[in-house]
Participant: 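Quick one: structure below, then a few questions.
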Amino acid sequence: CLISSFLIFAISVPLVVWTGMGVKGVFIGNIAARVAAMFYAEWRVGIFSNYLRRSADAKLVGKEILKFSKPLIAVNLILSCIAWGNRFFIEHFLGLYDNGLFCVAVKFATILEALATMFNQTWQETAIRQYGDADRDVFFSKIANTYIWVFVLLVIGISYGARILYSYIVGAEYQESRWLVYPLVMSVMFLVMTVFCDVAYQCAKDTSRQLPCLIIALVVSVATNYYFTIWWGLYGILASVNVTYLFMLVYKIIDTRRYMRLCINV
């Protein structure tokens, strides 16, 4: 994941800046980076040579893969609907200017989300291997505490860093959006902690249990967006995002106790 991310940047930027390929350069960079990462993974791990066998029952393996992956498609669709819904309510009730403020501020929150995605994709294999150990609760608790500690520092760093640099990196017409950065970054903090809990479902190969939480969260998001936006305007959207993601976090902390019990150092 780290190699792929680095190569996307290293390939896309020259193609866009120096050759003037625009969006095509970004697509080429993404494709080339992922192909290179695939070959690197094969060279280091030998996925095809070590794990694929001609004697494997393709139908049985296919059913297991579909059982595991189909709920994840729905998970991503619902999360996209929640994120899209925020902007829909802003555009419908508030207008393009407020939508512009939100879009500028949310860029800082996506930094945290991108780092969390990179970490979770990188450590999933380790998590699955350790899940069968007797001391898995101790292991996952240590990782969770370190994870939270690091991301809390990132929340503080991004929030205060944005306040210091805002006048230099954001246009004068969007300076008002600086007050939106911290609430958005805090909401993403709830989300990345929720994503950490999702590893438990993946380790147990029970990904379908994620859906009830997300369906309820989608209803909560729509309801709170509607009423909070009417009452508090753009800040109502921020309140709705935080309430939705906090609900998801509390729900999954309780629900994943069937798979592991995390001991969080308050």
Side-chain angles (χ1 to χ4, degrees), residues 67-83 85-86 109 112-113 115-117 119-155 182-228 236-266:
K67 182 181 178 181
F68 182 87
S69 60
K70 281 196 296 185
L72 295 179
I73 297 173
V75 165
N76 286 303
L77 285 174
I78 295 173
L79 286 173
S80 297
C81 288
I82 292 173
N86 298 326
L112 193 68
E113 191 173 354
L115 292 172
T117 300
F119 170 79
N120 282 288
Q121 289 182 351
T122 304
W123 97 290
Q124 278 178 352
E125 183 179 354
T126 302
I128 292 171
R129 287 179 177 178
Q130 294 291 332
Y131 182 72
D133 293 349
D135 63 341
R136 68 185 180 196
D137 290 347
V138 175
F139 171 77
F140 281 97
S141 294
K142 287 181 178 179
I143 298 296
N145 281 288
T146 304
Y147 181 86
I148 294 170
W149 185 78
V150 169
F151 277 92
V152 165
L153 290 181
L154 287 171
V155 167
Y182 175 72
L184 283 170
V185 173
M186 197 63 232
S187 69
V188 173
M189 180 66 193
F190 294 143
L191 178 61
V192 300
M193 291 171 64
T194 302
V195 172
F196 182 89
C197 294
D198 287 344
V199 175
Y201 298 109
Q202 296 167 16
C203 290
K205 298 180 182 179
D206 195 11
T207 52
S208 60
R209 278 196 67 90
Q210 294 177 250
L211 294 176
C213 171
L214 289 170
I215 292 171
I216 298 172
L218 181 59
V219 174
V220 170
S221 177
V222 172
T224 54
N225 266 320
Y226 179 79
Y227 289 106
F228 289 0
I237 296 292
L238 303 181
S240 172
V241 174
N242 277 275
V243 167
T244 302
Y245 289 158
L246 182 58
F247 162 78
M248 290 169 56
L249 175 60
V250 173
Y251 183 104
K252 290 190 177 181
I253 286 176
I254 296 172
D255 191 52
T256 53
R257 286 180 180 176
R258 68 180 61 238
Y259 310 116
M260 64 182 69
R261 291 184 175 270
L262 299 178
C263 182
I264 305 301
N265 188 333
V266 178

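Everything quoted here is computed from the prediction, not taken from an experiment.
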Participant: Using side-chain contact (heavy atoms from CB on, under 4.5 Å), reason through L79 and M248 one step at a time and then give a plain yes or no.
Facilitator: CA-CA 11 Å; L79 286 173; M248 290 169 56; 3.9 Å; yes
Participant: Without placing hydrogens or testing angles, list every side-chain donor-acceptor pair under 3.5 Å for residues 136-143, not counting sequence neighbours.
Facilitator:
unit_1 : atom_1 : unit_2 : atom_2 : d
R136   : NE     : Y259   : O      : 3.3
R136   : NH1    : Y131   : O      : 3.1
R136   : NH2    : Y259   : O      : 3.1
D137   : OD1    : R261   : N      : 3.2
S141   : OG     : D137   : O      : 2.7
S141   : OG     : C263   : N      : 2.8

Participant: To the nearest 0.5 angstrom, please state how far the CG atom of L246 sits from the CG atom of L191.
Facilitator: 12.0 Å
Participant: Within a 6.0 Å radius of atom OH on Y251, are there more than 12 heavy atoms belonging to other residues, nucleotides or ligands?
Facilitator: yes
Participant: State the NZ-OG distance between K67 and S208, to the nearest 0.5 angstrom.
Facilitator: 7.5 Å
Participant: Return the orientation label for the W123 and F119 ring planes: parallel under 30°, perpendicular over 60°, tilted otherwise.
Facilitator: parallel
Participant: At their closest point, which heavy atom of T256 faces which heavy atom of C197, and how far apart are they?
Facilitator: CG2-O, 3.7 Å
Participant: Say whether, by atom type as modelled, one donor and one acceptor occur between the side chain of T207 and the main chain of F68 under 3.5 angstrom.
Facilitator: yes
Participant: By the definition side-chain contact (heavy atoms from CB on, under 4.5 Å), identify the one residue from L262, I253, L249 that meets it with F196.
Facilitator: L262
Participant: Roughly how far, to the nearest 0.5 Å, is the OG atom of S187 from the CD1 atom of I237?
Facilitator: 11.5 Å
Participant: Run the numbers on K252 and Y201 for side-chain contact (heavy atoms from CB on, under 4.5 Å), then give the verdict.
Facilitator: CA-CA 10 Å; K252 290 190 177 181; Y201 298 109; 4.0 Å; yes
Participant: Let's go through W149 and V152 carefully: what are the C-alpha distance in whole Å and the side-chain angles of both, what is the deciding distance for side-chain contact (heavy atoms from CB on, under 4.5 Å) to 0.1 Å, and is it a yes or a no?
Facilitator: CA-CA 5 Å; W149 185 78; V152 165; 6.0 Å; no
Participant: Could you list the residues that satisfy ring-ring contact (aromatic ring centres under 6.0 Å, His included) with Y182, not counting sequence neighbours?
Facilitator: none
Participant: Evaluate the side-chain proximity of Y147 to V192: yes if any heavy-atom separation is below 4.5 Å, no if none is.
Facilitator: yes
Participant: For residues 215-224, please give each side-chain donor-acceptor pair under 3.5 Å, one per line with the distance, not counting sequence neighbours.
Facilitator:
unit_1 : atom_1 : unit_2 : atom_2 : d
S221   : OG     : N225   : ND2    : 3.4
T224   : OG1    : V220   : O      : 2.6
T224   : OG1    : S221   : O      : 3.3
T224   : OG1    : S240   : OG     : 2.7

Participant: Can you name the closest pair of heavy atoms from A144 and I264 and give their distance?
Facilitator: CB-CD1, 4.0 Å
Participant: Is the closest side-chain heavy-atom distance between Q210 and L72 below 4.5 Å?
Facilitator: yes
Participant: Ignoring hydrogens, what is the shortest heavy-atom contact between T194 and Y245? Give both atom names and the distance.
Facilitator: OG1-O, 3.9 Å
Participant: Under the side-chain contact (heavy atoms from CB on, under 4.5 Å) rule, what do V188 and L184 come out as? Steps first, then yes or no, please.
Facilitator: CA-CA 6 Å; V188 173; L184 283 170; 5.7 Å; no
Participant: Between L214 and I78, what is the shortest heavy-atom contact and its length?
Facilitator: O-CG2, 3.5 Å
